[in-house]
Asker: 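Mind having a look at this structure? Questions to follow.
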Amino acid sequence: MAYLGEEIKKLGFGLMRLPQKDGAIDIEQVKVMVDKFLSLGFTYFDTAWAYAGSEDAIRQALVERYPRDKFQLATKNAAWINCKTREDAVNQFETSLKQTEAGHFDFYLLHNLGEQRTKVFDDFDLWEFVKEKKREGLIKHIGFSFHSTPEELDEILTAHPEAEFVQLQINYADWDNPAIQSRGCYETARKHNKPVIIMEPVKGGMLANPPESVEKIFKAADEKASCASWAIRFAADLDGVITVLSGMSNTEQMEDNLSYMKDFKKLSDGERETLNKAQAALNAIPLIPCTTCNYCAKVCPKNIGISGTFTAANIYTLYKDMGAAKHQEDWLVAGHQKTKASECIKCGKCEGVCPQHIKIRDELEKAAALLG
């Protein structure tokens with residue numbers, strides 16, 4: 001099915017985690033991956049100004065080697081990164097054009113709206129800028145990527161009907177996760193009749209190696225299918241989806257993804273039931289029952305990033321991936337100007353307002369020992 005007048009197959013090549021060799025992007029391997037991808041009729045490539053070396057790599061591997069009408073290229077503007085003036089933000093667009101040499105962008109996104117970042121795009125009037133570039137033919141479709149609440153997404157889509165699509169983090173693990181709210185954000189986008197591009201369908205690779213209880217369910221249903229295939233097909237099965245981005249890092253991942261997405265078909269009732277069982281198995285793993293209401297944050301005298309710390313600790317509990325857990329802590333705690341769990345003075349004010357009756361002081365002490 002075509003969206004926005006574009007015929008795009010249900011798998012997109014996310015260019016955030018490209019293969020490395022000797023500390024740099026391995027352009028020759030990227031070329032092989034690009035060739036395999038295009039050979040089976042896939043056409044959507046997703047990069048960003050903020051992905052170090054990615055725009056330059058896709059120029060070499062794709063733009064310089066294929067006719068421009070054989071692919072769609074998306075990139076993004078992160079105006080909240082080191083931009084002090086509107087000119088700084090506008091220059092990101094010009095830099096992206098120069099680095100990719102693409103001539104135009106089929107999809108151009110305002111990168112990672114939500115929370116305090118949304119205001120930066122409004123203050124620099126970047127909505128008007130991208131509309132101007134669309135009129136000039138340098139952008140075909142305007143949209144944005146988003147990591148925040150359904151309520152904030154509703155506000156942005158109401159204020160900016162010119163957004164033609166939205167890119168959301170959606171996967172079966174985060175579908176009802178209160179820290180991510182994939183379902184709520186998806187339903188909000190569809191309420192506004194906006195098609196969706198899906199990012200993080202494999203949750204940064206973590207769902208390629210899910211907890212053992214989940215893996216057993218998938219292998220019982222189909223011994224040969226990879227766990228990643230279940231995650232990507234869950235996302236692709238949703239209505240209103242333009243494409244599902246997979247951040248493929250090597251040719252093996254590419255070949256696996258292509259094997260089950262080249263002739264994508266909607267999930268059967270039995271396959272949906274398998275995914276329901278997998279979600280139930282994930283939900284059965286004991287976690288800190290934080291719903292990120294952040295009532296605790298309002299009374300904490302030390303400004304500790306309580307909910308962000310708990311999200312990070314829960315990621316480690318589920319996936320035993322310390323790198324991913326610390327990345328979440330960096331983003332949700334330090335990245336939001338909060339202090340670490342080790343600063344807790346055990347005053348107990350947080351526990352007095354927690355609707356979930358979490359023993360917050362004990363959990364913060366455990367998290368501090370875990371995350372350092």
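Here the structure is a predicted model, which is why all the values come from computation and not from measurement.
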Asker: Please give me the minimum heavy-atom distance between Tyr3 and Val241, naming the atom from each residue.
Answerer: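 Heavy-atom minimum between the residues: CE1-O, 3.4 Å.
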Asker: Verify the cluster assignment for Phe124 and Ile156: are they in a single hydrophobic cluster under the rule of side-chain heavy atoms below 4.5 Å apart?
Answerer: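 Yes: a chain of side-chain contacts under 4.5 Å links Phe124 to Ile156.
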Asker: Can you check side-chain contact (heavy atoms from CB on, under 4.5 Å) on Arg68 and Leu73, steps first, answer last?
Answerer: CA-CA 9 Å; Arg68 185 62 183 86; Leu73 183 62; 4.1 Å; yes
Asker: Would a hydrophobic clustering, with Ile, Leu, Val, Met, Phe, Trp and Tyr connected at side-chain separations under 4.5 Å, put Leu245 with Ile180?
Answerer: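 No, Leu245 and Ile180 fall in different hydrophobic clusters.
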Asker: Check this for me: Gln116, atom CD, are more than 12 non-hydrogen atoms of other residues, nucleotides or ligands nearer than 6.0 Å?
Answerer: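 Result for CD/Gln116: enclosed.
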Asker: Is it the case that Asp56 and Gln60 place a side-chain donor and acceptor less than 3.5 Å from each other?
Answerer: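 Yes, a side-chain donor-acceptor pair sits under 3.5 Å.
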Asker: Go through the side-chain N and O atoms of Glu115 and His336 and say whether any donor and acceptor fall under 3.5 Å apart.
Answerer: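 Side-chain D/A pair, Glu115 to His336: present.
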Asker: State, to 0.1 Å, how close Asp125 and Arg86 come at their nearest heavy-atom pair, and which atoms those are.
Answerer: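 That closest heavy-atom pairing would be O-NH2, 3.4 Å.
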Asker: Please give me the minimum heavy-atom distance between Cys185 and Leu153, naming the atom from each residue.
Answerer: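 Nearest heavy atoms, Cys185 then Leu153: O-CD2, 3.3 Å.
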Asker: Quick check on Asp69: does its CG atom have over 12 non-hydrogen neighbours (other residues, nucleotides or ligands) under 6.0 Å away?
Answerer: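 Yes.
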Asker: Quick check against the 3.5 Å criterion: does Asp88 have a side-chain atom that pairs as donor or acceptor with the backbone of Thr85?
Answerer: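 Checking the backbone N and O of Thr85 against the side chain of Asp88, a donor-acceptor pair under 3.5 Å is found.
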Asker: Is the closest side-chain donor-acceptor distance between His141 and Glu6 under 3.5 Å?
Answerer: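 Yes.
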Asker: CG of Leu40 to CG of Asp263: how many Å apart, nearest 0.5 Å?
Answerer: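 Interatomic distance, Leu40 CG to Asp263 CG, rounded to 0.5 Å: 8.5 Å.
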Asker: Do the side chains of Ile285 and Pro211 get nearer than 4.5 Å, heavy atoms only?
Answerer: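 With C-beta onward as the side chain, the pair touches.
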Asker: Do Phe234 and Met261 sit in one hydrophobic cluster, given that two such residues count as connected whenever their side-chain heavy atoms are within less than 4.5 Å of each other, even indirectly?
Answerer: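 Yes; tracing contacts between hydrophobic side chains, which count when under 4.5 Å, links both residues.
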Asker: Looking only at heavy atoms, which two atoms of Leu126 and Ala79 are closest? And how far apart?
Answerer: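 Where Leu126 meets Ala79 most closely, the heavy atoms are CD1-CB, 3.6 Å.
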Asker: So, the side chain of Glu271 versus the backbone of Ser268: is there a donor-acceptor pair under 3.5 Å, distance only?
Answerer: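 Looks like yes, one N/O pair under 3.5 Å.
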Asker: Under 3.5 Å, is there a donor-acceptor pair between the side chain of Asn77 and the main chain of Gln92?
Answerer: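 The answer is no, because no donor-acceptor pair under 3.5 Å joins these two groups.
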Asker: Using the rule given for side-chain contact (heavy atoms from CB on, under 4.5 Å), can you reason through Gln253 versus Met33, listing the C-alpha separation, both sets of side-chain angles and the distance that settles it, and then say yes or no?
Answerer: CA-CA 10 Å; Gln253 291 175 4; Met33 295 169 74; over 6 Å; no
Asker: Tell me, with the steps shown, if Lys133 and Glu136 meet salt bridge (charged side-chain N to carboxylate O under 4.0 Å, His left out).
Answerer: CA-CA 5 Å; Lys133 293 304 170 185; Glu136 293 174 5; 3.2 Å; yes
Asker: So, taking the atom named CZ in Phe45 and the one named CD1 in Ile58, what distance separates them when rounded to the nearest 0.5 Å?
Answerer: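 Taking CZ in Phe45 and CD1 in Ile58, the distance rounds to 5.5 Å.
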Asker: Side chains of residues 216-223: which donor-acceptor partners sit under 3.5 Å, not counting sequence neighbours?
Answerer:
{"from": "Lys219", "atom 1": "NZ", "to": "Glu223", "atom 2": "O", "distance (Å)": "3.4"}
{"from": "Lys219", "atom 1": "NZ", "to": "Ala225", "atom 2": "O", "distance (Å)": "2.9"}
{"from": "Asp222", "atom 1": "OD1", "to": "Lys224", "atom 2": "N", "distance (Å)": "3.1"}
{"from": "Asp222", "atom 1": "OD1", "to": "Ala225", "atom 2": "N", "distance (Å)": "3.3"}

Asker: For Lys131, does the NZ atom have more than 12 heavy-atom neighbours from other residues, nucleotides or ligands under 6.0 Å away?
Answerer: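 Yes, enclosed.
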Asker: What's the separation between atom OG in Ser307 and atom CD1 in Ile360, rounded to the nearest 0.5 Å?
Answerer: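 Reported to 0.5 Å precision, the distance equals 10.0 Å.
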Asker: Treating Glu164 as the side-chain partner and Gly143 as the backbone partner, does any N or O pair qualify as donor plus acceptor under 3.5 Å?
Answerer: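 Flag not set: sc Glu164 to bb Gly143 has no pair under 3.5 Å.
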Asker: Taking the side chain from Asn171 and the backbone from Asp174, do they hold a donor-acceptor pair closer than 3.5 Å?
Answerer: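 Present.
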Asker: How about Lys98: does its NZ atom have over 12 heavy atoms from other parts shown lying under 6.0 Å from it?
Answerer: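 No, the 6.0 Å shell around NZ holds no more than 12 heavy atoms from other groups.
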Asker: Report the distance from atom CD1 of Ile306 to atom OG1 of Thr311, rounding to the nearest 0.5 Å.
Answerer: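 So the CD1 of Ile306 and the OG1 of Thr311 are separated by 12.0 Å.
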Asker: More than 12 foreign heavy atoms under 6.0 Å from CD of Glu252: is that the case here?
Answerer: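 Buried by this count: over 12 neighbours within 6.0 Å.
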Asker: Classify the ring geometry between Phe93 and Phe105 as parallel (under 30°), tilted (30 to 60°) or perpendicular (over 60°).
Answerer: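 Geometry flag for Phe105 against Phe93: perpendicular rings.
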Asker: For Asp46 and Phe107, indicate whether the former's side chain and the latter's backbone hold a donor-acceptor pair under 3.5 Å.
Answerer: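 Judged by distance alone, no pair lies under 3.5 Å.
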Asker: Between Leu287 and Leu371, is there a shared hydrophobic cluster once you connect ILVMFWY residues whose side-chain heavy atoms come closer than 4.5 Å?
Answerer: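 Different clusters: Leu287 never reaches Leu371 through Ile, Leu, Val, Met, Phe, Trp or Tyr contacts under 4.5 Å.
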Asker: Would you kindly confirm whether Phe264 and Trp230 end up in one hydrophobic cluster when ILVMFWY residues are joined by side chain heavy atoms under 4.5 Å apart?
Answerer: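 Yes, one cluster joins them.
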Asker: Give a yes or no answer on whether the side chain of Ser249 reaches the backbone of Leu18 with a donor-acceptor pair at less than 3.5 Å.
Answerer: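 Side chain of Ser249 to backbone of Leu18: no pair is present.
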Asker: What I'd like to find out is whether the side chain of Glu155 reaches to under 4.5 Å of the side chain of Thr149, using heavy atoms alone.
Answerer: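 No, too far: nothing below the 4.5 Å cut-off.
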Asker: Verify, without hydrogens or angle tests, whether Thr291 (side chain) and Pro178 (backbone) share a donor-acceptor contact under 3.5 angstrom.
Answerer: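 No; zero donor-acceptor contacts below 3.5 Å.
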Asker: Run the salt bridge (charged side-chain N to carboxylate O under 4.0 Å, His left out) test on Lys31 and Glu28 for me, step by step, so that the C-alpha distance in whole Å, both residues' side-chain angles and the decisive distance to 0.1 Å come before the verdict.
Answerer: CA-CA 5 Å; Lys31 288 179 181 178; Glu28 294 308 310; 3.3 Å; yes
Asker: Run through the side-chain heavy atoms of Ile, Leu, Val, Met, Phe, Trp and Tyr, join any pair under 4.5 Å, and report what else lands in Met16's cluster.
Answerer: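 Reading the cluster by chain and number, Met16 sits alongside Tyr51.
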Asker: Output, in order, the C-alpha distance, side-chain angles, deciding distance and verdict of side-chain contact (heavy atoms from CB on, under 4.5 Å) for Leu370 and Met322.
Answerer: CA-CA 9 Å; Leu370 173 69; Met322 183 58 75; 3.6 Å; yes
Asker: Any luck finding a side-chain donor-acceptor pair between Asn209 and Tyr319 under 3.5 Å?
Answerer: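 On atom types as modelled, these side chains do not qualify, holding no pair under 3.5 Å.
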Asker: My understanding is that a hydrophobic cluster links ILVMFWY residues whose side chain heavy atoms are under 4.5 Å apart, including indirect links. Using that, what else belongs to the cluster containing Val353?
Answerer: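 Same cluster as Val353: Tyr295, Val299.
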Asker: Does Thr75 offer a backbone N or O that forms a donor-acceptor pair with the side chain of Thr47 under 3.5 Å?
Answerer: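 The answer is no, because no donor-acceptor pair under 3.5 Å joins these two groups.
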Asker: Does Gln72 form a side chain to side chain donor-acceptor pair (under 3.5 Å) with Thr43? I'd like the steps, not just the answer.
Answerer: CA-CA 6 Å; Gln72 293 99 358; Thr43 57; 2.5 Å; yes
Asker: Is a side-chain donor or acceptor of Arg59 paired with a backbone partner of Leu62 at a separation under 3.5 angstrom?
Answerer: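 No, the answer is negative, given that no donor and acceptor are paired below the 3.5 Å cut-off.
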Asker: Does the pair Asp269/Arg272 count as a salt bridge with the N-to-O cut at 4.0 Å?
Answerer: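 Between Arg272 and Asp269 there is a salt bridge, with a charged N closer than 4.0 Å to a carboxylate O.
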Asker: Under the criterion salt bridge (charged side-chain N to carboxylate O under 4.0 Å, His left out), I'd like the reasoning laid out for Glu101 against Arg65: C-alpha separation, chi angles, the key distance, then a yes or no.
Answerer: CA-CA 12 Å; Glu101 295 183 4; Arg65 300 173 61 239; over 6 Å; no
Asker: From Ser342 OG over to Glu365 CD, what is the distance, rounded to the nearest 0.5 angstrom?
Answerer: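 One finds 11.5 Å between OG of Ser342 and CD of Glu365.
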Asker: Without hydrogens or angle criteria, can the side chains of Tyr186 and Asp239 be said to hold a donor-acceptor pair below 3.5 Å?
Answerer: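 No donor-acceptor contact under 3.5 Å links the two side chains.
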Asker: Assess whether atom NZ of Lys349 is packed by more than 12 heavy atoms of other residues, nucleotides or ligands within 6.0 Å.
Answerer: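 Result for NZ/Lys349: open.
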Asker: Side chains of Pro210 and Leu282: does their closest heavy-atom pair fall under 4.5 Å?
Answerer: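 Not touching, per the 4.5 Å side-chain cut-off.
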Asker: Quick one: do Lys10 and Asp237 satisfy salt bridge (charged side-chain N to carboxylate O under 4.0 Å, His left out)? Show the steps, please.
Answerer: CA-CA 9 Å; Lys10 289 289 188 179; Asp237 189 60; over 6 Å; no
Asker: For the CG atom of Leu258 and the CE atom of Met248, what is their distance to the nearest 0.5 Å?
Answerer: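 The CG atom of Leu258 sits 6.5 Å away from the CE atom of Met248.
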Asker: Pick out which of Phe121, Phe146, Trp127 makes a ring-ring contact (aromatic ring centres under 6.0 Å, His included) with His160.
Answerer: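 For His160, the ring-ring contact (aromatic ring centres under 6.0 Å, His included) test succeeds with only one of Phe121, Phe146, Trp127, which is Trp127.
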